[in-house]
Protein chains: 2
Amino acid sequence: MTPERKAKAPQPTSVELLWGARNKPTRGPRPGLSLEVIAKAAIEIADEEGLEGLSMQSVASRLAYTTMSLYRYVSGKEQLVDVIYDTALGLPRPAPESGDWRAGVHDWVWGMLGVYKAHPWLLRVTTNSPPLGPNQLAWFEALLHHVSGIGLDEEEVLHLVIFVTCAVRDLARTSSELAQGPQQSGVPAEEMAQDYARAMQDLVGEAHLPVLSKMVAAGTFEPGDGEYNDIMPSLEFGLQRLLDGVDGYVSARGR
Amino acid sequence: MTPERKAKAPQPTSVELLWGARNKPTRGPRPGLSLEVIAKAAIEIADEEGLEGLSMQSVASRLAYTTMSLYRYVSGKEQLVDVIYDTALGLPRPAPESGDWRAGVHDWVWGMLGVYKAHPWLLRVTTNSPPLGPNQLAWFEALLHHVSGIGLDEEEVLHLVIFVTCAVRDLARTSSELAQGPQQSGVPAEEMAQDYARAMQDLVGEAHLPVLSKMVAAGTFEPGDGEYNDIMPSLEFGLQRLLDGVDGYVSARGR
DNA sequence: TAAGCTCGGTATATGGGGTACACAATTTGG
DNA sequence: CCAAATTGTGTACCCCATATACCGAGCTTA
């Protein structure tokens with residue numbers, strides 16, 4: 001009764017696309033494009049101009065095709081973003097297997113930061129799809145690998161991995177956000193940092209923010225190396241304390 | 001020489017708007033709108049329909065005004081988002097002052113989560129402006145208050161606060177993301193979680209992800225309470241370990 | 001009180017983006 | 001060789017953000 005006509009092969013989901021579940025037809029003209037080529041172009045654009053510069057049109061025109069041609073490979077922009085998200089992540093470099101799990105985690109974190117630095121737009125993507133891309137899972141696996149077998153039970157391992165992943169991501173996001181702001185307004189970064197400190201000083205002075213005021217007065221907010229790494233020490237500190245805590249937790253239990 | 005004509009009062013920045021630095025003119029007709037009213041309407045829309053539903057037109061039409069009228073109060077959509085971001089944050093509820101700093105931090109975190117739960121779109125906003133809104137600073141201050149005076153020096157306090165803030169934010173984001181996905185496709189949440197577990201199983205089986213496979217097989221990814229809190233235990237665990245680590249750090253130094 | 005300046009709100013228009021739809025062209029299975 | 005399947009194109013629609021010119025209200029000041 002339901003008029004399902006030809007069943008028409010429902011659009012593959014992002015996950016299916018990423019895992020290569022495309023059915024290769026044999027009729028019709030040879031495809032001039034491919035998901036890979038499209039993704040590559042899209043990533044280049046996002047790298048160069050950020051997510052705002054990424055449009056179906058910009059991708060198509062970089063490939064010298066029509067905008068609509070992309071829709072033969074991707075169900076829409078959202079799916080394209082899903083695809084380039086996982087693609088740009090790439091695979092983590094294989095673990096050094098040092099025997100020191102803390103070093104392993106540290107290494108993973110810096111690898112992750114490297115990816116985010118290479119593709120800052122990753123941090124601006126807000127997707128609705130669960131993390132099931134192959135590369136996303138590979139990164140997940142890599143971190144799991146480092147912290148499994150150190151004395152946590154499986155649930156705790158998972159918790160730790162999720163926590164670290166999230167912390168790194170948002171630290172990186174914040175860092176890149178602070179770095180992005182000045183850049184696009186054409187103001188030199190150094191000056192911007194000074195402005196920030198000054199603004200903070202003004203605002204804090206006039207409100208009831210005692211602790212903050214003291215810190216501002218003490219110069220804790222003075223600009224650091226000017227580059228965009230001002231937040232990395234926070235990551236370093238937080239991560240070390242976290243791992244300290246895990247260390248203590250497992251040795252207290254393992255007694 | 002520079003033709004600066006009338007100087008024309010350059011648009012106030014988002015920060016200026018938020019701190020009430022509006023110059024009240026005395027000429028002209030009485031304003032029918034205000035920043036507050038506009039922000040309220042915008043927040044309502046974002047709460048109801050998410051950020052995608054938020055447009056200058058939707059806000060204006062909710063207020064029964066023209067789209068362009070909003071531009072008398074706000075320089076553009078970006079600034080509007082800046083404003084509602086800080087506004088929706090609201091002020092943290094005053095600290096219980098229990099003397100237990102860990103409890104204080106815990107409290108703060110749950111307060112933050114409450115705000116994110118009330119306005120999930122906060123987690124999707126990608127802004128370019130530094131965190132200088134009054135409410136943002138108030139939350140910052142509140143957390144600073146809890147962890148200052150526990151034996152960390154000022155820089156370390158700042159690092160800890162930044163780290164916690166970021167971790168909470170991205171845990172909440174991930175959680176809300178996982179919750180959002182199914183909701184909009186009309187599929188019941190329970191079923192979606194099952195699908196996720198199953199997809200994971202399929203994908204992991206066919207790849208080289210040993211640790212992950214073992215966890216999947218062991219059922220570590222079985223859906224929990226079905227609601228969206230499946231990630232909260234990770235926050236709880238990570239936060240406790242982090243605070244453990246800080247505890248150890250300060251008592252080791254304080255010797 | 002009259003002139004003039006400001007400012008709130010409107011109407012209109014422009015450019016851009018995402019995507020539905022129908023068609024032209026191309027290849028291959030029967 | 002024809003028919004079906006499939007790629008790429010052209011066109012059109014709708015939504016969005018925003019520039020610009022305008023109208024008219026209401027102070028300010030002469």
Side-chain angles (χ1 to χ4, degrees), chain A residues 5-12 14 22-38 41-42 45-46 49-84 126-128, chain B residues 5-12 14 17 22-38 41-42 45-46 49-84 125-128:
Chain A
R5 300 243 157 256
K6 283 282 187 65
K8 268 298 178 186
Q11 299 273 40
S14 307
R22 278 156 276 167
N23 28 355
K24 311 220 177 143
T26 168
R27 313 270 195 151
R30 317 258 155 65
L33 287 171
S34 68
L35 187 59
E36 288 73 22
V37 174
I38 292 174
I45 291 174
E49 311 172 35
L51 270 191
E52 318 80 43
L54 182 70
S55 69
M56 297 306 263
Q57 343 223 8
S58 61
V59 174
S61 79
R62 165 171 294 233
L63 297 167
Y65 275 75
T66 328
T67 304
M68 288 311 294
S69 62
L70 304 182
Y71 286 85
R72 295 288 174 196
Y73 301 85
V74 164
S75 74
K77 187 182 182 180
E78 202 176 308
Q79 191 169 82
L80 176 59
V81 172
D82 280 353
V83 169
I84 67 174
T126 61
T127 179
N128 285 322
Chain B
R5 300 248 157 248
K6 286 281 190 64
K8 267 299 180 187
Q11 300 272 39
S14 306
L17 272 191
R22 277 156 278 166
N23 26 356
K24 310 221 178 140
T26 167
R27 312 248 225 213
R30 316 264 150 64
L33 287 170
S34 68
L35 187 60
E36 288 72 23
V37 173
I38 293 174
I45 291 174
E49 311 172 34
L51 270 192
E52 318 80 44
L54 182 69
S55 69
M56 296 306 263
Q57 343 224 11
S58 61
V59 174
S61 79
R62 166 170 293 233
L63 297 167
Y65 276 75
T66 330
T67 304
M68 289 310 295
S69 64
L70 304 183
Y71 287 85
R72 294 287 174 196
Y73 299 85
V74 162
S75 74
K77 187 182 182 180
E78 203 176 302
Q79 191 169 81
L80 176 58
V81 172
D82 280 354
V83 170
I84 67 174
V125 171
T126 62
T127 180
N128 285 322

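Letters A, B, ... are given to chains in the order of the sequence lines, protein chains preceding strands, and every chain is numbered from 1.
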Quick one: is [N] close enough that its OP1 or OP2 comes under 4.0 Å of any side-chain N or O from [X]?
X       : N      : value
A:Ser69 : D:dG8  : no
A:Arg30 : C:dT28 : yes
A:Tyr73 : D:dG8  : yes
A:Tyr71 : D:dT7  : no
A:Thr67 : C:dT19 : no

Quick one: [X] [atom1] to [N] [atom2], roughly how many Å, whole number?
X       : N      : atom1 : atom2 : result
A:Glu52 : D:dT18 : CD    : C1'   : 17 Å
B:Leu33 : C:dT10 : CG    : C1'   : 13 Å
A:Gln11 : C:dA20 : CD    : P     : 9 Å
A:Lys77 : C:dG17 : NZ    : C1'   : 8 Å
B:Arg72 : C:dA11 : CZ    : P     : 14 Å
A:Leu51 : C:dG17 : CG    : P     : 14 Å
A:Met56 : D:dT11 : CE    : P     : 20 Å
B:Leu63 : C:dT10 : CG    : P     : 11 Å

Any idea which of C:dG18, C:dG9, D:dA17 is nearest the B:Ser55 side chain?
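The answer is D:dA17, which lies nearest to the side chain.
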Just compare C:dG18, D:dG10, C:dG8 and give me whichever is closest to any side-chain atom of A:Thr66.
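Looking only at side-chain atoms, A:Thr66 lies closest to D:dG10.
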Polar side-chain atom of [X] near backbone of [Y] as donor-acceptor pair, under 3.5 Å:
X       : Y       : answer
A:Tyr73 : A:Leu33 : yes
B:Ser34 : B:Val37 : yes
B:Thr66 : B:Ser69 : no

Sole candidate of A:Leu35, A:Val59, A:Asp82 that passes side chain to side chain contact (heavy atoms under 4.5 Å, CB included) when paired with A:Val74:
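Testing A:Val74 for a side chain to side chain contact (heavy atoms under 4.5 Å, CB included) against A:Leu35, A:Val59, A:Asp82 leaves exactly one candidate, A:Leu35.
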By nearest heavy atom, map B:Pro29 and B:Gly76 onto DNA chain D; which one lands nearer the 5' end?
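So the residue in question is B:Gly76.
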Please evaluate the base of D:dG26 for a donor-acceptor partner in the side chain of B:Arg27 within a cut-off of under 3.5 Å?
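No, the side chain and the base share no sub-3.5 Å donor-acceptor pair.
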May I ask you to test the B:Ile84-B:Val125 pair for a side-chain heavy-atom distance under 4.5 Å?
no
